[in-house]
Structure formats: structure tokens, C-alpha cells
**Student:** 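Could you have a look at this structure, given as C-alpha cells, before my questions?
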Number of protein chains: 2
Amino acid sequence: MTINDVAQAAGVSVSTVSKVVNARYGVAPSTMERVLQVIAELGYETSLVASSLRSSRTNIIGILVAEFEPFALELLNGISATLRGTQYDLMAYAGNLAPGGRAGWEHRSLSRLGGTLIDGAIIVTPTVEIPHSSVPVIAIDPHAGTSGPAAIDVDNFGGAKTATEHLISLGHRRIGHIKGRSDLKSAHLRESGYRQALQDAGISYDPQLVHDGDYQRDLAAIAATDLLTLPQPPTAIFAANDLSALSAIETAKSLGLNVPNDLSVIGFDDIPEAAQSKPTLSTVRQPMHEMGATAVTLLLSMLAGEEVTQPAQMPASLIPRESTATAPQP
Amino acid sequence: MTINDVAQAAGVSVSTVSKVVNARYGVAPSTMERVLQVIAELGYETSLVASSLRSSRTNIIGILVAEFEPFALELLNGISATLRGTQYDLMAYAGNLAPGGRAGWEHRSLSRLGGTLIDGAIIVTPTVEIPHSSVPVIAIDPHAGTSGPAAIDVDNFGGAKTATEHLISLGHRRIGHIKGRSDLKSAHLRESGYRQALQDAGISYDPQLVHDGDYQRDLAAIAATDLLTLPQPPTAIFAANDLSALSAIETAKSLGLNVPNDLSVIGFDDIPEAAQSKPTLSTVRQPMHEMGATAVTLLLSMLAGEEVTQPAQMPASLIPRESTATAPQP
DNA sequence: CTGAAAGCGCTAACAC
DNA sequence: GTGTTAGCGCTTTCAG
């Protein structure tokens with residue numbers, strides 16, 4: 001089913017069909033009607049690939065992710081809702097699923113889709129500097145880099161501080177931290193927030209209590225094990241994201257510890273799983289829908305020709321649930 | 001950054017560059033090295049659009065949805081995880097966001113992406129018959145149509161029956177039902193399951209207690225209002241999906257009713273929001289991750305040339321939470 | 001081993 | 001009002 005088939009069936013040239021499909025002027029009403037009829041009969045739809053190769057607008061916004069994990073999916077939810085009723089369709093691309101192709105998915109995806117397939121892009125959690133691109137780009141939860149496109153993130157520092165203060169207010173003094181990915185800005189800010197809260201409370205920082213979790217389940221489990229098998233284990237853990245926190249709870253359970261009675265755990269993000277775990281996970285909420293919505297709004301104004309460079313920061317809020325409780329009495 | 005730029009910079013022809021990029025035989029090692037070097041320097045990536053127009057394989061699997069709502073997103077989660085480590089990337093396309101373009105998004109998206117951009121497609125909740133396509137297609141939660149591609153769904157009948165029986169076991173006798181979209185097979189099966197459970201319990205079917213909710217928030221709210229303002233209102237409602245159930249709870253609250261003391265509500269799907277509402281929603285769980293995983297497995301074997309036509313049905317399971325309770329004593 | 005050239009489906013000048 | 005034609009960036013014969 002190509003434009004050629006339609007042209008042939010309608011007895012006109014391909015350019016006439018193209019004009020009809022794209023509602024261009026200069027087609028006789030009778031011709032138009034006939035072509036439309038043939039299109040309907042044949043069920044013809046213009047190929048996105050071919051037309052985007054030739055023309056510059058596609059009316060498609062691309063969301064570029066490494067893979068579809070809970071954070072990206074929640075963002076997608078907000079983005080989709082915000083785009084509803086606009087002229088744009090949404091294409092989400094996970095470009096880091098194939099084995100081996102680890103690094104640089106941001107650049108690869110942007111180069112492969114940008115300029116032709118998509119009119120603009122929202123890149124989720126890029127781990128490297130975003131290259132100059134031929135289309136407008138917004139980054140969510142960006143890399144530690146200095147320059148780069150307009151970016152959106154949550155108040156990572158303030159959120160982490162709040163989480164740690166929550167633990168402190170429950171009477172905890174030995175508070176461990178499972179760090180995030182060191183190539184992400186958010187991980188550093190969250191660690192800083194943790195340290196600031198300790199300092200404000202007059203608790204001295206103990207490097208033994210901080211381990212690397214890389215925002216991942218497996219590494220967080222190792223970090224949690226290391227933390228909990230210390231001669232003097234912490235009574236509470238602030239994990240840099242919910243995935244790590246959930247993993248830490250699992251680990252604690254397997255070590256025979258009760259959460260929250262023996263150990264309090266708090267995460268960061270408020271992914272859907274946080275509310276469904278047992279015990280439900282106390283955490284700091286990133287307003288993911290709003291972040292997605294803001295990204296879209298910014299991108300649309302860039303698409304409309306406006307200059308947008310200043311970063312947007314969203315507030316983080318404490319969501320106390322069951323996994324945190326008063327510190328055990330020694 | 002096109003293949004021409006690379007060719008020029010490396011002092012070779014475009015076809016040589018293409019051979020290097022695609023690891024074809026017949027390039028001298030020295031040439032290859034030089035080209036590779038230039039590619040790295042320039043940060044060139046082959047354009048997905050151009051290459052997919054010319055060659056038939058793209059190693060991309062497409063997920064076609066009307067929009068990114070909770071059900072589709074959960075599916076995406078399972079699909080993404082299953083595809084990890086395979087040679088395929090994932091492209092999810094929401095083709096029904098633009099206003100006006102309501103009907104036939106399935107066909108439109110499939111025609112526009114199929115054959116060129118994607119090697120195979122998974123269509124989520126299609127509302128019309130899926131046309132014969134140039135690429136392998138799997139449907140999840142399919143349309144009521146008779147023919148069509150290989151399909152995956154949950155045991156809608158059994159799940160609805162279980163939900164209704166749960167209500168009956170709590171002592172409810174007047175049980176309302178908010179129906180789903182009549183153009184979806186799942187809606188009909190869920191209504192049948194509801195009626196079967198009533199019949200098995202010797203409760204006669206009252207058409208007054210069944211209203212249309214179309215799987216949507218707004219229409220479900222109207223249906224709930226109608227139900228609850230009946231002279232003899234039901235003491236329990238089985239809503240055809242969680243979105244409707246959540247909406248019914250809102251409505252009940254606004255009418256001054258307490259859920260679950262005055263009214264029990266149970267949904268279907270177990271979307272993430274179900275566990276986070278107040279009260280938390282009792283529901284019947286669709287194993288969405290598993291459904292996504294199964295879809296991928298089936299599609300991959302079709303891509304490998306195998307014939308797959310038989311539908312797969314997944315089990316539904318009751319998840320009792322706070323929104324259902326013993327029937328109020330008259 | 002390398003390059004010239006055709007063509008994938010479509011759009012946009014430009015002729016007629 | 002309509003058709004012819006030249007590419008968009010790439011892959012793939014097919015000569016050299």
C-alpha cells in the first residue's frame with residue numbers, strides 16, 4: 001500500500017495524491033473526492049518513515065529513555081496526559097535494551113531519531129552530556145555536566161535532607177546511606193542533603209555508614225548487607241532511590257531483622273511499588289507527573305520558537321509510611 | 001551529520017562507509033579502521049529513518065497504544081524487561097493523542113510504522129478489528145472481533161465471577177455493576193462473569209443495577225450516581241475496571257456514603273493507583289507484567305518464522321483490600 | 001576491494 | 001489543476 005498504488009487506482013499522479021493527503025491547495029474538488037474515496041477503499045496511510053525523510057515536521061515528540069523502568073513510565077504518564085489534545089503524537093524509544101550497546105544511548109537515540117522522525121525530544125535520566133542536537137531537547141533528571149539543554153529536576157538536596165531529618169526526628173542517630181549512581185547529579189545532591197541533615201543535628205558523619213548502591217537492586221542489596229553486618233550497624237537507612245530502599249528491606253528481612261522495628265528504611269522517588277510493598281515504604285516523593293507535564297510545556301514553547309534555557313526545579317515532599325518508626329531503645 | 005559527511009571526511013565512497021557501519025565483508029582492514037576513526041570523531045550514527053526505508057530489518061519492536069494510561073504502562077514495563085538483552089530495541093507509539101483523530105488509530109499506526117520502522121508490533125487494547133499487516137502482530141486485550149491476530153488476554157469471565165462472589169460471600173445481595181466499553185470483548189466477558197456469579201448464588205439479575213461506564217472516569221461517575229440514587233440502591237458495586245471503581249468511590253463519598261461501611265466497591269485490573277487510594281481498592285489482578293512478557297515471547301517466535309495463532313489466556317486473581325466489607329445490616 | 005548508480009515512499013519545486 | 005522530476009539518507013547490486 002504505497003502512494004503509487006493509490007495514484008494508479010485513482011488515475012492521477014503521485015503528487016496529486018500527496019497534495020490531497022496533505023490538504024494542499026490546487027486540487028479540483030472532483031479529483032480530490034475521487035482520490036479520497038480510493039484512499040478510504042484501500043485503507044492507505046502515509047508512511048511515517050518516508051514522509052519524515054522528506055519533510056521536516058512530523059508532529060511527533062520523542063521520549064528517549066535507556067529502558068522503561070518505573071520512573072520513566074510515571075513520567076510518560078504525565079507527558080502523555082499533557083500532550084493529549086495537542087497536535088502531537090508521542091513516541092517513546094528505549095534505546096539501550098540491546099546487549100553490549102551500553103554507553104552513549106542518549107547520543108545514539110538522538111542522532112538516529114532527531115531531525116527526521118521527531119520534532120523535539122525529552123531525554124530521561126541522561127548519564128552523559130547531551131550533544132548539540134538538530135531538534136529542541138529537554139532533559140529530566142540530568143547528568144552532572146555543566147552545559148547542556150534545558151533541564152528539569154526535583155529538589156534532590158532538600159528532599160534528601162527532609163528524609164534524613166525524618167529519621168532523626170524518630171530518634172535515630174546511626175543512619176546509613178545507600179548512594180546512587182555517581183554519574184548522576186541527583187545522586188550527589190542526595191548524598192549532600194543527607195550529610196547536611198546530619199550536620200544540622202550535630203551527628204558526626206561516619207564514612208563506614210555510606211555505601212554505593214548505584215540506584216540498582218543488586219548493588220543496593222550488597223550495600224545493605226555490608227551496612228547491616230557492621231559491628232555497630234545503623235538503626236536506619238536512607239536509600240537514594242526506592243528501588244534501593246526496597247532491596248534494602250528485602251536484605252534486612254533475610255538477615256532476620258524486622259522493618260521498621262529493628263531497622264527503619266526510607267527511599268526517594270515514590271514509585272508505585274513503594275505503596276504496595278510490605279511494609280509500605282516511607283519515601284520522598286518526586287512529582288513525576290508534574291515533571292513530565294513541565295517538560296512538555298517547555299518543549300512546546302521551544303517548538304514554538306521561544307528560547308528556553310533556564311532549568312526548572314520541582315519540590316520534593318515527604319511521604320511517611322510503614323517502613324520508618326521510632327528508633328529501638330538500646 | 002550524514003553518511004556523506006563521513007565518506008567525504010574519510011576520503012571514501014558512501015557505499016564503503018555503509019559496509020563498514022553494517023559490518024559487511026569486502027573492506028580492507030586499513031580502510032575500515034580509518035572510516036571507524038572518522039565515525040568516532042564525528043559522532044556519526046546511522047539515521048533510523050533512512051536506513052529503515054531502504055532495508056527491511058530494523059531490530060525494533062513497536063508497541064502501539066491509543067495513549068499511555070496505567071494499563072498500557074504496566075504492560076510496557078513487562079515488555080521492556082523481557083526484551084532486555086535481546087537484539088531488539090523498543091518503540092512505543094501513542095497514536096491517538098491528536099484531537100479529532102479518534103477512530104482507527106490501530107490501523108493508522110500499524111500502517112504508518114509497520115513494514116518500515118518496526119519489525120513487529122504489539123497492539124494494546126485495540127477497539128477495532130486489526131487489519132492484515134505486513135509485519136507480525138500480537139494483540140493484548142483484544143477487540144470483540146472474530147478473526148484477527150494472535151491475542152493475549154486475562155480470564156475476564158473468571159475474574160469477574162470471582163469479584164462478584166467475593167461480594168456475595170460478604171453478605172451482599174444487591175450488587176450493582178458498572179460496565180466497560182461495549183466494543184471490547186473484555187467488557188462483555190466481565191459482565192457475563194458477574195451474571196454467572198449472581199445466578200450461581202440464586203440472586204436474580206436486576207437490569208436496573210447495571211449501568212454503562214465505558215471504562216472511563218467521567219461516565220463511571222454518572223453510572224455510579226444513577227446506581228446510588230436508586231430507590232433501593234445497591235450495597236456493593238463491581239466496576240469493570242479500576243478507573244471506574246475509583247470514580248465510583250469518589251462519587252459515593254460525595255454523596256455522603258462511607259466506603260466500605262455503606263458501600264463496598266471492587267474493581268478489575270489492579271493498576272498501581274488501586275493500592276494507593278483511600279480506602280485502598282479491592283480488585284481482581286491482571287498479571288500485566290506476565291502478559292507483556294508473554295506477548296514478547298510470542299512475537300519473537302513469530303519473528304523467528306514460527307506460526308503462532310492460538311490465543312493465550314492468563315489467570316486473574318482476587319486482591320481484597322479495604323474497599324470491600326461485610327454488607328450493612330438492614 | 002572500491003565506487004557509481006538505482007531506488008525505498010514521499011514531498012516540493014517547477015513545468016505544462 | 002495536474003504531472004514530471006529531483007532529491008531526503010541510506011543499502012545494495014553490479015561494474016571496475
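Letters A, B, ... are given to chains in the order of the sequence lines, protein chains preceding strands, and every chain is numbered from 1.
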**Student:** If we fit an axis to the first five pairs and another to the last five of the helix from dC1(C)-dG16(D) to dC16(C)-dG1(D), what angle do they make, to the nearest 10°?
**Tutor:** 50°
**Student:** Over all strands shown, is Thr2(B) touching base, sugar-phosphate only, or nothing at heavy-atom distances under 4.0 angstrom?
**Tutor:** sugar-phosphate
**Student:** Quick one: which of dG3(C), dG3(D), dG1(D) gets closest to the side chain of Val12(B)?
**Tutor:** dG3(C)
**Student:** If the cut-off is 4.0 Å, is Ser13(A) near the phosphate of dT4(D), judged by side-chain N/O to OP1 or OP2?
**Tutor:** no
**Student:** Is it the case that Thr58(B) and Asp119(B) place a side-chain donor and acceptor less than 3.5 Å from each other?
**Tutor:** yes
**Student:** Could you check whether Gln216(B) and Asp218(B), counting side-chain N and O atoms only, form a donor-acceptor pair closer than 3.5 Å?
**Tutor:** no
**Student:** Taking atom types as they are modelled, would you say the side chain of Ser51(A) forms a donor-acceptor pair with the base of dG9(C) within the 3.5 Å cutoff?
**Tutor:** no
**Student:** If you take atom types as modelled and just measure distance, does the side chain of Arg54(B) reach the base of dG7(C) with a donor-acceptor pair under 3.5 Å?
**Tutor:** yes
**Student:** With a 4.5 Å limit on heavy-atom distance, are the side chains of Leu76(A) and Ser80(A) in contact?
**Tutor:** no
**Student:** Within a 6.0 Å radius of atom CD on Gln87(A), are there more than 12 heavy atoms belonging to other residues, nucleotides or ligands?
**Tutor:** yes
**Student:** Distance alone, cut at 3.5 Å: any donor-acceptor contact between the side chains of Ser15(B) and Ser18(B)?
**Tutor:** no
**Student:** I'd like to know if the side chain of Asn96(B) reaches the main chain of Glu67(B), judged simply by a donor and an acceptor atom lying under 3.5 Å from each other, with no hydrogens or angles considered.
**Tutor:** no
**Student:** Select one nucleotide: of dG3(C), dG3(D), dT12(D), the one nearest the side-chain heavy atoms of Arg24(B).
**Tutor:** dT12(D)
**Student:** Ignoring hydrogens and angles, state whether a donor on the side chain of His289(B) or Glu74(B) is under 3.5 Å from an acceptor on the partner side chain.
**Tutor:** yes
**Student:** Measuring from the side chain of Thr46(B) (C-beta onward, heavy atoms only), which nucleotide among dC10(D), dA5(C), dG9(C) has the closest atom?
**Tutor:** dC10(D)
**Student:** Nearest whole angstrom, please: distance from the C1' of dC10(C) to the CZ of Arg112(B).
**Tutor:** 12 Å
**Student:** Please pick, from dG3(D), dC10(D), dC8(C), the nucleotide with the shortest atom-to-atom distance to any side-chain atom of Ser47(B).
**Tutor:** dC10(D)
**Student:** Kindly state which residues belonging to residues 32-44 of chain A come within less than 4.0 angstrom of DNA chain D, counting heavy atoms of the residue only, listed by number.
**Tutor:** none
**Student:** dT2(D) P sits how many Å from Tyr25(A) OH, rounded?
**Tutor:** 16 Å
**Student:** Could you check if a side-chain atom of Ile60(B) sits within less than 4.5 angstrom of a side-chain atom of Tyr88(B), using non-hydrogen atoms only?
**Tutor:** no
**Student:** Within this structure, what is the CG-to-C1' distance between Asn4(A) and dG3(D), rounded to whole angstrom?
**Tutor:** 13 Å
**Student:** Ignoring the backbone of Ile3(A), work out which of dG9(C), dT2(D), dC10(D) is nearest its side chain.
**Tutor:** dG9(C)
**Student:** Take Met314(B) and Thr294(B) through the side chain to side chain contact (heavy atoms under 4.5 Å, CB included) test and state the conclusion after the steps.
**Tutor:** CA-CA 9 Å; Met314(B) 321 289 291; Thr294(B) 306; 3.6 Å; yes
**Student:** Please pick, from dG3(D), dT11(C), dC1(C), the nucleotide with the shortest atom-to-atom distance to any side-chain atom of Lys19(A).
**Tutor:** dG3(D)
**Student:** How many Å lie between CG on Leu117(B) and C1' on dC10(C), as a whole number?
**Tutor:** 14 Å
**Student:** Which of the following nucleotides, dC8(D), dT12(D), dC10(D), is nearest to the side chain of Leu53(A)?
**Tutor:** dC8(D)
**Student:** Start at the 5' end of DNA chain C and walk down; is the nucleotide closest to Thr116(B) or to Gly26(B) reached first?
**Tutor:** Gly26(B)
**Student:** Please report the distance, rounded to the nearest Å, between CE in Met1(B) and C1' in dC10(D).
**Tutor:** 15 Å
**Student:** Ignoring backbone atoms, establish whether Asn22(B) has a side-chain N or O less than 4.0 Å from OP1 or OP2 of dT11(D).
**Tutor:** yes
**Student:** Just to confirm, is there a sub-4.0 Å distance from OP1 or OP2 of dT2(C) to any side-chain nitrogen or oxygen of Thr31(B)?
**Tutor:** yes
**Student:** Respond yes when some side-chain nitrogen or oxygen of Thr16(B) is under 4.0 Å from OP1 or OP2 of dT2(C), and no when none is.
**Tutor:** no
**Student:** Which of these, Asp5(B), Val21(B), Val38(B), sits in a side chain to side chain contact (heavy atoms under 4.5 Å, CB included) with Tyr44(B)?
**Tutor:** Val21(B)
**Student:** Specify the separation, in whole Å, of atom CD of Gln8(B) and atom P of dC10(D).
**Tutor:** 14 Å
**Student:** For Gln8(A), does the CD atom have more than 12 heavy-atom neighbours from other residues, nucleotides or ligands under 6.0 Å away?
**Tutor:** no
**Student:** Quickly work out the Asp5(B) CG to dC10(D) P distance and round it to whole Å.
**Tutor:** 9 Å
**Student:** Using the closest heavy atom to pick a nucleotide of DNA chain D for each, name whichever of Val14(A) or Val27(A) lands nearer the 5' end.
**Tutor:** Val27(A)
